[in-house]
Structures are given as structure tokens and as C-alpha cells.
2 protein chains.
Amino acid sequence: MPNTICAQDSSEAEAAELLQKQLIDSQTAMSLAEIFKALSDPTRLRLISLLTENEVCVHTLELVMGMTQSAVSHQLRYLRQLGIVRYRKEGRHVYYALDDEHVRMLFEQGLLHAKHR
Amino acid sequence: MPNTICAQDSSEAEAAELLQKQLIDSQTAMSLAEIFKALSDPTRLRLISLLTENEVCVHTLELVMGMTQSAVSHQLRYLRQLGIVRYRKEGRHVYYALDDEHVRMLFEQGLLHAKHR
DNA sequence: CTAACATATGAACATGTATTCATGGATAGA
DNA sequence: TCTATCCATGAATACATGTTCATATGTTAG
């Protein structure tokens with residue numbers, strides 16, 4: 001049972017003060033949004049599901065996902081630039097794997113949520 | 001230390017079979033993406049931070065956030081339609097509050113992640 | 001060296017999205 | 001009743017985003 005806050009009822013300053021403590025600042029909000037945005041696309045989530053327990057080369061991802069090489073590669077770059085996946089070159093293959101335990105936890109916790117609906 | 005999977009190295013069918021078990025289906029991916037997308041915008045995250053422990057009317061949210069009433073109301077509708085927040089009308093005021101424990105957990109866990117960078 | 005393969009990337013395109021603007025409905029107060 | 005306030009919403013706009021297309025780089029095989 002949460003507090004009810006309305007600037008009209010009590011003194012406006014008092015209500016604002018209460019809420020300002022809860023409000024996250026813009027920089028934190030943007031940083032947080034960036035993390036969740038990485039997880040907000042079905043293609044990236046499917047890629048992450050493949051990379052959570054395996055190190056997989058791009059071509060194989062392309063086959064299993066049923067997508068073009070270019071689309072896969074673009075999304076991998078996205079995840080790479082956020083530090084969510086790492087890559088390892090070996091000959092002409094490049095192997096990708098998940099490299100962020102926080103993201104792994106968010107992914108798994110979200111999966112529980114999705115099934116729990 | 002994850003397995004390395006490449007369709008060229010072992011038999012292609014074997015590698016694909018391994019990965020198909022990991023791959024989440026499209027429907028699950030879309031449902032999951034929907035949840036994370038709700039958390040992928042700084043404005044919505046700031047709203048959620050205000051509504052996690054309080055029930056707040058729209059006008060007060062407008063004041064504390066420093067945004068237009070319309071922008072706040074649009075985002076509240078977005079969260080409402082996903083069942084993330086509930087609302088309660090009382091006279092000419094409408095009070096909103098967070099109404100999804102899973103989202104609350106994802107938000108708080110993400111916040112730890114954001115600060116841990 | 002040459003051809004085939006694996007991957008990366010810039011540009012173009014179509015689509016999605018957050019905010020603003022304008023407006024309407026509902027309620028309280030004078 | 002009349003006005004001010006609170007909230008919702010459709011349309012428009014500017015911007016972000018995911019995929020495709022074309023192409024480039026680097027590596028292996030013949």
C-alpha cells in the first residue's frame with residue numbers, strides 16, 4: 001500500500017521533496033535505458049539465447065536464426081559495442097559469446113516473467 | 001568456458017540441433033522484447049522510479065519530471081496498456097502506481113547494473 | 001595467383017517511436 | 001452556470017532503428 005502523493009493536497013514543496021529522492025537522475029536513466037534497449041529487440045534476444053552457453057561463429061548463427069549474414073553481423077556489432085558480447089577470431093571464423101553477467105541475469109529473469117504471463 | 005560451435009567443424013546437423021534447444025522461439029522473443037522495450041526509455045524509467053513506492057497523480061508527475069502533461073500522459077498510457085501500472089480516479093485527479101512485481105525486480109536489478117559500471 | 005568463403009560495414013529504405021500541438025471531456029469551485 | 005483545473009487522445013513531426021543491398025577486407029583452398 002503506497003503513499004498517495006498529490007502536490008495539491010499537501011504543501012507542494014513537501015510532495016516534491018519526497019519524490020525528488022525517488023527520481024533517478026537523467027544520466028542514470030539514460031544509462032539504464034541503454035541496457036534495456038539492447039534487450040528490447042526479438043532478434044537480439046534470440047542471439048543472446050544462443051550465446052549464453054556457447055561460443056558460436058557468425059555463419060552458424062546465420063543458419064540457426066534463418067537470417068541474412070548482414071543482419072546478424074549488424075546486431076552483433078551492436079551488442080559488441082555495448083560490451084555485452086565478446087568475439088574471438090580464429091582463421092576466417094569469428095566466434096561470439098555473451099560477456100556480461102548482469103545482462104545474463106536480466107535475460108533469465110525476464111524469461112521467467114514472460115512465461116509467467 | 002562455453003562450448004565452441006561452428007557448423008563447418010562438426011556435422012552441421014549436430015551443431016544446429018545443439019543450438020536449436022537454446023534458441024528461444026519467436027513468440028517468446030517478442031513477448032520478452034515487449035517487456036524490455038517498456039524499460040528502454042529514460043522518461044519511462046524515471047516515471048517508474050517515482051511510482052515504485054508511491055501512488056502519484058498526473059499533475060504532480062508533470063511537475064517533478066519537468067515535462068508537459070501530454071508527454072507524461074502518453075507514457076502513462078503506454079505503461080497502463082502493458083499492465084505495468086494501475087490507475088485510480090478520485091475526483092478530478094488520477095493516481096498512478098507501479099503494478100508489476102517482475103518489472104520492479106528488473107528495474108532494481110538493472111539499476112544495480114547501471115551503477116556497477 | 002585465383003576463386004571461394006567468412007565477416008564487416010556504409011548507405012538506403014521502411015517502419016517505429018517520443019514529443020508537441022490542438023482539442024475534448026470531466027470535475028470542482030465561484 | 002461559468003470558469004478553471006486535471007487528464008486523455010488523435011494528428012503531425014522529427015528522430016531512431018532494423019533490415020537489405022552493395023561492397024570491401026581478409027583468409028583458406030586449389
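Only heavy atoms go into these numbers, but all of them, side chains included; no hydrogens, no water, no symmetry mates. The chains referred to below are lettered A, B, ... by the order of the sequence lines, with proteins before strands, and numbering in each begins at 1. Remember, predicted model here, so these are calculated numbers, not experimental data.
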Note to self: From CG of B/L61 over to C1' of D/dA8, roughly how many Å is that when rounded to an integer?
What the structure shows: 15 Å
Check: Is the backbone N or O of A/D99 less than 3.5 Å from a side-chain atom of A/R86, with the two atoms forming a donor-acceptor pair by type?
Finding: no
Hey, what are the protein-to-nucleotides 15-24 of chain D N/O distances that come in under 3.5 Å?
| unit_1 | atom_1 | unit_2 | atom_2 | d |
| --- | --- | --- | --- | --- |
| D/dT17 | OP1 | A/K37 | NZ | 3.2 |
| D/dG18 | OP1 | A/R44 | NH1 | 3.1 |
| D/dG18 | OP1 | A/R44 | NH2 | 2.8 |
| D/dG18 | OP2 | A/R44 | NH1 | 3.3 |
| D/dT19 | OP1 | A/T43 | OG1 | 2.8 |
| D/dT19 | OP2 | A/Q75 | NE2 | 2.8 |
| D/dT20 | OP2 | A/T68 | OG1 | 3.2 |
| D/dT20 | O4 | A/H74 | NE2 | 3.1 |
| D/dC21 | N4 | A/S70 | OG | 2.6 |

Next item on the list: Please confirm whether the backbone N or O of A/I24 pairs with a side-chain atom of B/R46, one donor and one acceptor, at under 3.5 Å?
Entry: yes
Check: Going 5' to 3' on DNA chain C, which nucleotide is the first and which the last to come under 4.0 Å of a heavy atom in chain B?
Finding: C/dA6 to C/dA28
Check: Looking only at atom types and distance, does a side-chain atom of B/S40 sit under 3.5 Å from a main-chain N or O of A/A33, one as donor and one as acceptor?
Finding: no
Note to self: Does A/R80 qualify as a cation-pi partner of A/Y96, given the criterion of NZ or CZ under 6.0 Å from the six-membered ring centre and within 45 degrees of its axis?
What the structure shows: no
Check: With a 4.0 Å cut-off on heavy atoms, is B/Y96 in touch with a base, just the backbone sugar-phosphate, or nothing at all?
Finding: sugar-phosphate
Margin query: It should be established whether B/R77 places a side-chain nitrogen or oxygen under 4.0 Å from OP1 or OP2 of nucleotide D/dC7.
Written below: no
Checklist line | Length of the line joining B/Q81:CD and D/dG10:C1', which is rounded to integer Å | finding: 13 Å
Next item on the list: Take the protein atom OH of B/Y87 and the nucleotide atom C1' of D/dA8, then report the distance between them rounded to whole Å.
Entry: 11 Å
Item checked: B/L50 to B/N54 - nearest heavy-atom pair and separation -> O-ND2, 3.6 Å
Notebook entry, point to check: By salt bridge (Lys or Arg N to Asp or Glu O under 4.0 Å), which residues pair with B/R104, not counting sequence neighbours?
Noted result: B/E101
Next item on the list: Test side chain to side chain contact (heavy atoms under 4.5 Å, CB included) on B/L39 and A/I35 and set out the steps.
Entry: CA-CA 9 Å; B/L39 296 169; A/I35 300 167; over 6 Å; no
Notebook entry, point to check: D/dC6 P sits how many Å from B/R92 CZ, rounded?
Noted result: 6 Å
Note to self: Strictly below 4.0 Å: does B/H59 bring a side-chain N or O up to OP1 or OP2 of D/dT5?
What the structure shows: no
Note to self: Nearest whole Å is fine: how far is D/dC6 C1' from B/E90 CD?
What the structure shows: 13 Å
Checklist line | Intermediate values then yes/no, side chain to side chain donor-acceptor pair (under 3.5 Å), A/T4 and B/E55 | finding: CA-CA 5 Å; A/T4 296; B/E55 186 186 49; 2.4 Å; yes
Checklist line | Result of checking A/R88, A/R92, A/H93 against A/E90 for side chain to side chain donor-acceptor pair (under 3.5 Å) | finding: A/R88
